[in-house]
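Input: a single structure, listed below in structure tokens.
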Amino acid sequence: MTVNQAYCLIDALLRRPVRRTPVWMMRQAGRYLPEYRRVREKAGSFMNLCTNPELACEVTLQPLRRYRFDAAILFSDILTVPDAMGLGLHFVEQDGPHFERPLQSAADVRKLPIPDPEIELRYVMDAVRLIKNGLEGRVPLIGFSGSPWTLATYMVEGGSSRDFQKIKGLMYNDAQTTHVLLDKLAQAVTRYLNAQIAAGADAIMLFDTWGGTLSALDYQTFSLSYARAVYEGLNLNAGGDNPVPAILFTKGGGQWLESMAGSGFSALGLDWTTDLAAARLRVGDRVALQGNLDPMVLHAKPEVIRRKVRFTLDQYGRGSGHVFNLGHGILPDVDPDQVQVMVEAVHEFSPEIQG
């Protein structure tokens, strides 16, 4: 067990004994908090907020002042890497991310540079260092990146997509160029995450948001294989006796848990469509599991939230290896008091289960 008991998240991710189930929440620094909205207004734009290390530090720390979360997660965006590769990221209100220069040809892919995290993405590394200093060892810091496949979807589509026609057209019609793109992204993501680890991240998470849109074979070929390549290039033993855990989250990936568990990652994030008890049986003791309360539960009455929290904890059952989380990010219209109900329920119920 780690010396610092505040780091129960790390113990759970490494399947070490814990006294209670750790809890954090995807998008825990975000629009559901009025204090976040005030900082966002001060910044003037989402990108201004992301690229200002002091403000990114502030909004990362805000949820920890309200709730007994067991981790901070770096405030940033998964699309900072393709932005640093020269695609020109901007955000449109109510419409999400857009790239000024999406990839439209094999020549575009060949010309893509692999950014230096301490140059083109220095603002992220500076934010990591500021956050680590601000945390003062109270809880660990999670760094993250989008997966190569997920980043590729945005870079080819030019933004969000419902049917992924352009990226899948490239994948089916020109697999060679798709592999060149994914290989470059795997190199870029590996460097980016290693730089976050060097700057102080205690755990890292790879968000494969759109892996679940692929067929089983294509998932193995175009998503999981490149997630594995990222994992194999990470400097996870920089901390000596306390390795840096790595979490892989594939939304809609519940049908591939066995393959995902063999990819090397310490833990798998589960969305709410996956049965947690069945998932534990399927992966055994190979990986920890993170999740997987339906985010919509936070719109329910407090007694329903408590009941659903208890059900989720009971589904995993006794023993270490579970990190409580939502099955996806919190929605922006959730009442902050509802989050308090969830967090306190985890603190109340989980010691009994772990005892």
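Please read all numbers here as calculations on a predicted model, not as lab measurements.
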- Taking the six-membered ring of Tyr36 as reference, does the NZ or CZ atom of Arg31 fall below 6.0 Å from its centre and within a 45° cone about the axis?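 The answer is no, since Arg31 fails at least one limit relative to Tyr36.
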
[X] side chain to [Y] main-chain N or O, any donor-acceptor pair under 3.5 Å?
X      : Y      : result
Arg101 : Gly86  : yes
His322 : Leu313 : no
Ser320 : Arg16  : yes
Ser161 : Glu157 : no
Asp174 : Leu170 : no
Glu348 : Ala345 : no

Residue pair [X] / [Y], side-chain donor-acceptor N/O under 3.5 Å:
X      : Y      : answer
Thr80  : Asp77  : no
Thr178 : Tyr172 : no
Gln220 : Trp256 : no
Tyr154 : Trp210 : yes
Asn292 : His328 : no
Thr153 : Thr150 : no

Can you tell me how far [atom2] of [Y] sits from [atom1] of [X], rounded to the nearest 0.5 angstrom?
X      : Y      : atom1 : atom2 : value
Leu130 : Glu58  : CG    : CD    : 11.5 Å
Thr60  : Lys132 : OG1   : NZ    : 13.0 Å
Asp271 : Gln290 : CG    : CD    : 12.0 Å
Lys184 : His179 : NZ    : NE2   : 15.5 Å
His90  : Leu79  : NE2   : CG    : 12.0 Å

Are the charged groups of [X] and [Y] less than 4.0 angstrom apart, N to O?
X      : Y      : answer
Arg318 : Glu352 : no
Asp314 : Arg307 : no
Arg66  : Glu35  : yes

Might you confirm whether atom [atom1] of [X] has over 12 heavy atoms from other residues, nucleotides or ligands at distances under 6.0 Å?
X      : atom1 : answer
Arg65  : CZ    : yes
Gln165 : CD    : no
Glu41  : CD    : no
Glu54  : CD    : yes

- Query: Knowing that exactly one of Leu151, Ile114, Leu89 qualifies, which makes a side chain to side chain contact (heavy atoms under 4.5 Å, CB included) with Val81?
  - Reply: Leu151

- Task: Please lay out, stage by stage, how Lys168 and Asp163 fare under the test salt bridge (Lys or Arg N to Asp or Glu O under 4.0 Å).
- Result: CA-CA 9 Å; Lys168 288 191 175 184; Asp163 55 19; over 6 Å; no

- Message: For a quick test of reading the model, state the closest non-hydrogen atom pair linking Leu64 to Phe69 and the distance between them.
- Response: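 Minimum heavy-atom separation between Leu64 and Phe69: CD2-CB, 3.7 Å.
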
- Note on the structure: For Ala71 and Leu9, the nearest pair of non-hydrogen atoms, with its separation, is CB-CD2, 3.7 Å

